[in-house]
Asker: 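Before I ask anything, here is the structure I am working with.
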Amino acid sequence: MNSLLYISTVLIWGSTWLAIAWQVGDVAVPVSVFYRFLIAALVLLAGLTLSRRRQALGASDHLYCLLQGGCVFGLNFYCFYTAAAYLPSGLIAILFSMSTLFNAVNGYLFFRTPVPRVFYGALALGLPGMVLIFWQDLIAVEATWTLLGAVGLSLLGTFGFSLGNMVSVRHQRRGLQINSTNAFAMLYGALFMGLIAVAQGASFSLPEEPRYLGALVYLAVIGSIGGFGAYFMLVGRIGAGKAAYATVLFPLVALVLSTIYEGYQWHASALIGLVMIVSGNLLMFNTHRAVWGWVLVRTGARSA
């Protein structure tokens, strides 16, 4: 069961980035985000209500859900959808995987959680790795500012996701149910995006294009409810540390899909950068200790 949940999380989250790219076009970004999380919130709230699993939240809890919704289901996806017009979906997924570094910093700022020593090694691998991934585009002067803007938006969205994680830590410390807080956070995030769309004078009409509508349903039901549901079930079964390896693997799925459907062109510098970022993320989870322990066990077994 754990293996199924893990594989589901990686495949679902890895594929959502391509679905996001398919929504970029005539529909205004806040409108797409609005419909995605409005559908997800209503479906999740209906399911919780019918199964009598919806937890009653206090006024202060709703305020924090509002904050979480603005960060996780509003700001970050607004940034990602906008960046998807300029960057391949797989590269955005790689930038998102660096949320582990943001989590380390924000964990210290908000909860005084000590920053692990491996953070600095991961940072030393992640930042140069990011430069190498975009190196071929960076040397094209005419595309530099557009590229940097899209990268900056992706990192800003990742930072927003990390801030939302800190709110989630607060929820869990108060013993609140993840599905209930997620449902309301999605609802508030959707309403926040709806207000932005109204302020921009955007139309709420949706295209009849099957690919757009299919991507919307997939993102709302499978990506938002299924993906987060599988992930948090995995957290409950094997712990947050082991479950977090999904954030390292799903960018690989996103890159494969981007190569197939978006024609992403690989370069040697991009491959090296990918290895450096993945290595930095693995370092944050102390994978090197697990590998070294396995080597010692195998070596000891052979010598014995």
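The figures that follow rest on heavy atoms only: side chains count, while hydrogens, waters and symmetry mates do not.
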Asker: What residues, two or more places apart in sequence or in another chain, satisfy side chain to side chain contact (heavy atoms under 4.5 Å, CB included) together with Phe204?
Answerer: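 Counting only residues at least two positions away or on another chain, Phe204 forms a side chain to side chain contact (heavy atoms under 4.5 Å, CB included) with Val31, Phe34, Tyr35, Ala197, Val198.
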Asker: So is Arg112 actually on top of Tyr108's ring, under 6.0 Å and inside 45° of the axis?
Answerer: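 Here Arg112 passes the 6.0 Å and 45° test against Tyr108.
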Asker: Quick check against the 3.5 Å criterion: does Asp61 have a side-chain atom that pairs as donor or acceptor with the backbone of Gly58?
Answerer: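 Side chain of Asp61 to backbone of Gly58, a donor-acceptor pair under 3.5 Å: yes, one is there.
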Asker: Could you pull out all residues at least two apart from Tyr86 that satisfy ring pair (Phe, Tyr, Trp, His ring centres under 6.0 Å)?
Answerer: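 Ring pair (Phe, Tyr, Trp, His ring centres under 6.0 Å) check on Tyr86 returns nothing, list empty.
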Asker: Just how far is it from atom CG of Leu257 to atom CG of Leu252, taken to the nearest 0.5 Å?
Answerer: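 Separation between the atoms: 11.0 Å.
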Asker: So Arg36 and Phe77, do their side chains get closer than 4.5 Å, heavy atoms only?
Answerer: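 Yes, their side chains come closer than 4.5 Å.
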Asker: If I compare all heavy atoms of Tyr264 with all of Leu255, which pair ends up nearest, and what's the gap?
Answerer: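 Scanning both residues, the minimum pair turns out to be CE2-CD2, 4.4 Å.
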Asker: Tell me, do Trp17 and Val253 make a side-chain contact under 4.5 Å, heavy atoms counted?
Answerer: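 Sidechains of Val253 and Trp17: no contact.
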Asker: Sequence neighbours excluded and cut-off under 3.5 Å, please list the side-chain donor-acceptor pairs for residues 40-49, or say none.
Answerer:
unit_1	atom_1	unit_2	atom_2	d
Thr49	OG1	Leu45	O	2.8
Thr49	OG1	Arg54	NE	3.3

Asker: Tyr261 versus Trp22: any side-chain heavy-atom pair under 4.5 Å?
Answerer: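 When only atoms from C-beta onward are counted, Trp22 and Tyr261 do touch, with a gap below 4.5 Å.
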Asker: Sequence neighbours left out, cut at 3.5 Å: what donor-acceptor pairs do the side chains of residues 67-74 make with other protein atoms?
Answerer:
unit_1	atom_1	unit_2	atom_2	d
Gln68	OE1	His171	NE2	3.2

Asker: Tell me, please, which residues at least two apart from Phe159 pass ring pair (Phe, Tyr, Trp, His ring centres under 6.0 Å).
Answerer: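 By the ring pair (Phe, Tyr, Trp, His ring centres under 6.0 Å) rule, Phe159 matches Phe102.
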Asker: Listed by chain and number, what are the salt bridge (Lys or Arg N to Asp or Glu O under 4.0 Å) partners of Arg53, not counting sequence neighbours?
Answerer: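 Result, salt bridge (Lys or Arg N to Asp or Glu O under 4.0 Å) vs Arg53: none returned.
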Asker: Can you list everything that forms a side-chain hydrogen bond (donor to acceptor under 3.5 Å, both in side chains) with Asn103? Sequence neighbours excluded, please.
Answerer: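 Only Ser162, Asn165 meet the side-chain hydrogen bond (donor to acceptor under 3.5 Å, both in side chains) criterion with Asn103.
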Asker: Run the side-chain hydrogen bond (donor to acceptor under 3.5 Å, both in side chains) test against Tyr188 and tell me which residues pass, sequence neighbours left out.
Answerer: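 His62.
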Asker: Any side chain to side chain donor-acceptor pair (under 3.5 Å) pairs touching residues 211-221, not counting sequence neighbours?
Answerer: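 Sorted pair list: Ser15-Tyr218, Ser32-Tyr212.
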Asker: Test of understanding: with side chain to side chain contact (heavy atoms under 4.5 Å, CB included), list the residues that count as partners of Glu262, not counting sequence neighbours.
Answerer: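 Counting only residues at least two positions away or on another chain, Glu262 forms a side chain to side chain contact (heavy atoms under 4.5 Å, CB included) with Leu18, Ala21, Pro88, Ser89, Ser258.
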Asker: Could you tell me if the side chain of Leu163 sits less than 4.5 Å from the side chain of Asn76, heavy atoms only?
Answerer: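 They are not in side-chain contact.
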Asker: I'd like to know if the side chain of Ser224 reaches the main chain of Val221, judged simply by a donor and an acceptor atom lying under 3.5 Å from each other, with no hydrogens or angles considered.
Answerer: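 No, the answer is negative, given that no donor and acceptor are paired below the 3.5 Å cut-off.
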Asker: If the condition is side-chain hydrogen bond (donor to acceptor under 3.5 Å, both in side chains), which residues does Ser205 pass it with, not counting sequence neighbours?
Answerer: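 Applying side-chain hydrogen bond (donor to acceptor under 3.5 Å, both in side chains) to Ser205 gives Ser203.
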Asker: Under the rule for side-chain hydrogen bond (donor to acceptor under 3.5 Å, both in side chains), what residues qualify as partners of Glu209, not counting sequence neighbours?
Answerer: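 So Glu209 forms no side-chain hydrogen bond (donor to acceptor under 3.5 Å, both in side chains) with any residue.
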